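The first residue in the sequence is number 1, and the count goes up from there. Since this is a predicted model, take the numbers as computed values, not measurements.
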Amino acid sequence: MLTGPDFEFGPAAPKLLQLSLWSGSAGLGFGTAAVNGFNEDAGLLKKVRWHGAADGLSVSMELETLLPFGAEFRITRKMELWDGAGMVSFDVNAGMGGRIQSLELEPLELSGDWRELRLVRDPAAPETVEVLPLTAEKQTVYAAPAPFFRLVAVDHSDRMLEVGTGDDWWRWNLPEANGEFHVEADRGSVTIRRRALQLVVTEEQQPTKRPYRFTWYFAWSAGAADAAPEAEAWASGAPAPCLKAAATQRLLKKHIRQADSDVVLAATPSVNCTDAGHLERPDKGELAHHDAMERARFYLWSNRQLARQGHTMRWIGAPLHLALETALSRVPRTGCEAQITE
């Protein structure tokens with residue numbers, strides 16, 4: 001079990017995993033994935049690793065499942081959580097010469113007393129937010145061959161629970177994927193289903209033998225973002241506005257290492273980018289990505305560095321009132337632990 005301020009995270013039947021928030025009044029449930037029609041719930045759990053950072057800022061978990069039929073597919077999840085956010089890396093590999101034809105990631109259920117959803121469809125328009133009021137009747141609020149960028153459930157106390165598609169946007173939108181993404185919601189529950197791959201197979205067209213990786217994140221926040229008198233502008237002086245660019249990261253990390261006080265950086269809308277060089281794949285030319293997850297990773301890294309001198313880092317002034325920006329505007333609380341439970 002992973003625990004921290006406001007959250008508990010771990011196995012919770014019948015779900016594969018469950019994030020419990022605010023003393024159980026809201027949560028995020030992970031269902032089981034399926035590869036080529038084989039469901040993960042029939043698999044063998046091969047590895048579970050829990051780790052709590054010594055500084056108490058974050059906890060992490062690795063979960064590996066083997067599907068012992070067909071090509072013996074192996075699903076590996078790596079997750080890191082801290083005060084207000086969690087990052088997920090989902091990998092699937094085929095053994096014995098197998099090929100992955102279809103892939104459904106774990107369905108997600110956001111439970112709570114929800115008032116509305118806030119939907120951002122595309123990272124190319126990060127400031128375009130659709131507000132969708134919820135009723136007692138279940139309704140389909142999203143259905144498309146491509147994933148949404150961000151989805152935020154808001155309760156009657158203005159607490160937020162967010163799910164976002166990862167910065168590897170190009171992987172989620174492969175031309176051959178034939179993806180299907182659905183969201184159904186009412187006031188008590190929001191269900192997200194994500195079929196990332198359904199490849200067309202013929203005698204002439206066979207799937208490539210390759211592994212797949214998809215990243216995504218979740219975030220939560222209670223109340224409004226913290227305010228600060230001033231925030232340092234950084235984007236105009238950076239080599240590139242995209243925080244995934246190595247040169248931009250070097251510049252900002254140098255600033256953090258040299259800081260002798262708290263650091264408050266101006267939060268700008270996440271950047272939609274296609275420069276494959278930012279992903280260390282310059283030969284690919286263009287690969288669509290965004291930097292929302294990178295800002296969260298930088299926040300955690302910066303606070304880990306600055307804590308040694310008793311200082312902190314925050315992103316302040318985000319134009320959107322969504323869960324991730326709100327969480328990153330605050331000084332992170334420690335107390336994250338990995339606990340062994342029977």
Legend entry - Shortest non-hydrogen contact between Ala296 and Trp82, atoms and distance: O-CZ2, 3.5 Å
Legend entry - Gap separating the CZ atom of Arg330 from the CG atom of Asp83, nearest 0.5 angstrom: 8.5 Å
Inset, instruction - For Phe69, enumerate each residue passing the ring-ring contact (aromatic ring centres under 6.0 Å, His included) test, keeping only those at least two apart in sequence or located in another chain. - result: Phe38
Legend entry - Asp55 side chain vs Arg308 backbone, donor-acceptor pair below 3.5 Å: no
Legend entry - side chain to side chain contact (heavy atoms under 4.5 Å, CB included) involving Arg115 - partner list, sequence neighbours excluded: Arg118, Val154, His156, Asp158
Legend entry - His290 side chain vs Cys242 backbone, donor-acceptor pair below 3.5 Å: no
Legend entry - All side-chain hydrogen bond (donor to acceptor under 3.5 Å, both in side chains) counterparts of Ser20, not counting sequence neighbours: none
Inset, instruction - Determine whether more than 12 heavy atoms belonging to other residues, nucleotides or ligands lie under 6.0 Å from atom NZ of Lys15. - result: yes
Inset, instruction - Please report the C-alpha distance between Val59 and Phe9 in whole Å, then the side-chain angles of each, then the deciding distance to 0.1 Å, and finally whether the side chain to side chain contact (heavy atoms under 4.5 Å, CB included) criterion is met. - result: CA-CA 10 Å; Val59 282; Phe9 181 72; over 6 Å; no
Legend entry - Interatomic distance, Ser221 atom OG to Glu325 atom CD [nearest 0.5 angstrom]: 10.0 Å
Inset, instruction - Please list all pairs passing the salt bridge (Lys or Arg N to Asp or Glu O under 4.0 Å) test where one or both residues lie in residues 176-193, with sequence neighbours left out. - result: Lys138-Asp186, Glu180-Arg195
Inset, instruction - Search all heavy atoms of Leu306 against all heavy atoms of Ala259 and return the closest pair with its distance. - result: CD2-CB, 4.0 Å
Legend entry - Considering all heavy atoms, the nearest Trp220-Pro5 contact: NE1-O, 4.4 Å
Inset, instruction - Name all residues meeting the ring-ring contact (aromatic ring centres under 6.0 Å, His included) criterion together with Phe73; count only those two or more places apart in sequence or in a different chain, and write none if there are none. - result: none
Legend entry - Donor-acceptor contact present, side-chain His311 to main-chain Val263, <3.5 Å: no
Inset, instruction - Write out all pairs satisfying salt bridge (Lys or Arg N to Asp or Glu O under 4.0 Å) with one or both partners inside residues 28-42, taking only residues at least two apart or from two chains. - result: Glu40-Arg77
Legend entry - Hphob cluster co-occupancy, Leu17 + Val190, side-chain heavy atoms under 4.5 angstrom: yes
Inset, instruction - Output every pair passing salt bridge (Lys or Arg N to Asp or Glu O under 4.0 Å) with a member in residues 210-221, not counting sequence neighbours, ordered by first then second residue. - result: Asp91-Arg213
Legend entry - Cluster check Leu174, Phe181: I/L/V/M/F/W/Y, side chain < 4.5 angstrom: yes
Legend entry - Thr135 (side chain) donor-acceptor with Glu137 (main chain) under 3.5 angstrom: yes
Inset, instruction - Using salt bridge (charged side-chain N to carboxylate O under 4.0 Å, His left out) as the criterion, list what pairs up with Glu286, not counting sequence neighbours. - result: none
Legend entry - Residues in side-chain hydrogen bond (donor to acceptor under 3.5 Å, both in side chains) contact with Asp291, at least two apart in sequence or another chain: Arg295
Legend entry - Contacts of type side-chain hydrogen bond (donor to acceptor under 3.5 Å, both in side chains), residue Ser58, not counting sequence neighbours: Glu80, Arg304
Inset, instruction - For side chain to side chain contact (heavy atoms under 4.5 Å, CB included), just list the numbers for Trp216 and Glu106, CA-CA rounded to whole Å, side-chain angles, deciding distance to a tenth of an Å, and then say yes or no. - result: CA-CA 11 Å; Trp216 60 280; Glu106 60 276 284; 3.7 Å; yes
Legend entry - Side chain proximity check, Asp260 to Gln309, heavy atoms < 4.5 angstrom: no
Inset, instruction - For Pro269 and Pro126, work out which heavy atoms get closest and say how close. - result: CB-CG, 4.1 Å
Inset, instruction - Check for a donor-acceptor pair, side chain of Tyr142 on one end and backbone N or O of Pro147 on the other, with a separation under 3.5 Å. - result: yes
Inset, instruction - Output yes when a side-chain donor or acceptor of Glu8 lies under 3.5 Å from a complementary backbone atom of Gly4, and no otherwise. - result: no
Inset, instruction - List the steps, then state whether side chain to side chain contact (heavy atoms under 4.5 Å, CB included) holds for Val152 with Val120. - result: CA-CA 9 Å; Val152 185; Val120 183; over 6 Å; no
Legend entry - Distance-only polar pair, side chains of Arg194 and Thr165, donor-acceptor under 3.5 Å: no
Inset, instruction - Under the side-chain hydrogen bond (donor to acceptor under 3.5 Å, both in side chains) rule, collect the residues that match up with Trp169, sequence neighbours excluded. - result: none
Inset, instruction - Hey, could you give me the CG/OG distance between Leu161 and Ser111, rounded to the nearest 0.5 Å? - result: 8.0 Å
Legend entry - Ser302 (side chain) donor-acceptor with Tyr299 (main chain) under 3.5 angstrom: no
Inset, instruction - Indicate whether the side chain of Tyr217 and that of Arg150 have a donor and an acceptor atom separated by less than 3.5 Å. - result: yes
Legend entry - Hphob cluster co-occupancy, Trp170 + Leu243, side-chain heavy atoms under 4.5 angstrom: no
Inset, instruction - List the steps and the verdict of side chain to side chain contact (heavy atoms under 4.5 Å, CB included) for Leu119 and Leu151. - result: CA-CA 5 Å; Leu119 173 66; Leu151 183 72; 3.9 Å; yes
Inset, instruction - Using only heavy-atom distances, determine whether the side chains of Glu232 and His255 contain a donor-acceptor pair under 3.5 Å. - result: yes
Inset, instruction - Say whether, by atom type as modelled, one donor and one acceptor occur between the side chain of Glu162 and the main chain of Ala323 under 3.5 angstrom. - result: yes
Inset, instruction - Could you pull out all residues at least two apart from Phe214 that satisfy ring-ring contact (aromatic ring centres under 6.0 Å, His included)? - result: Trp172
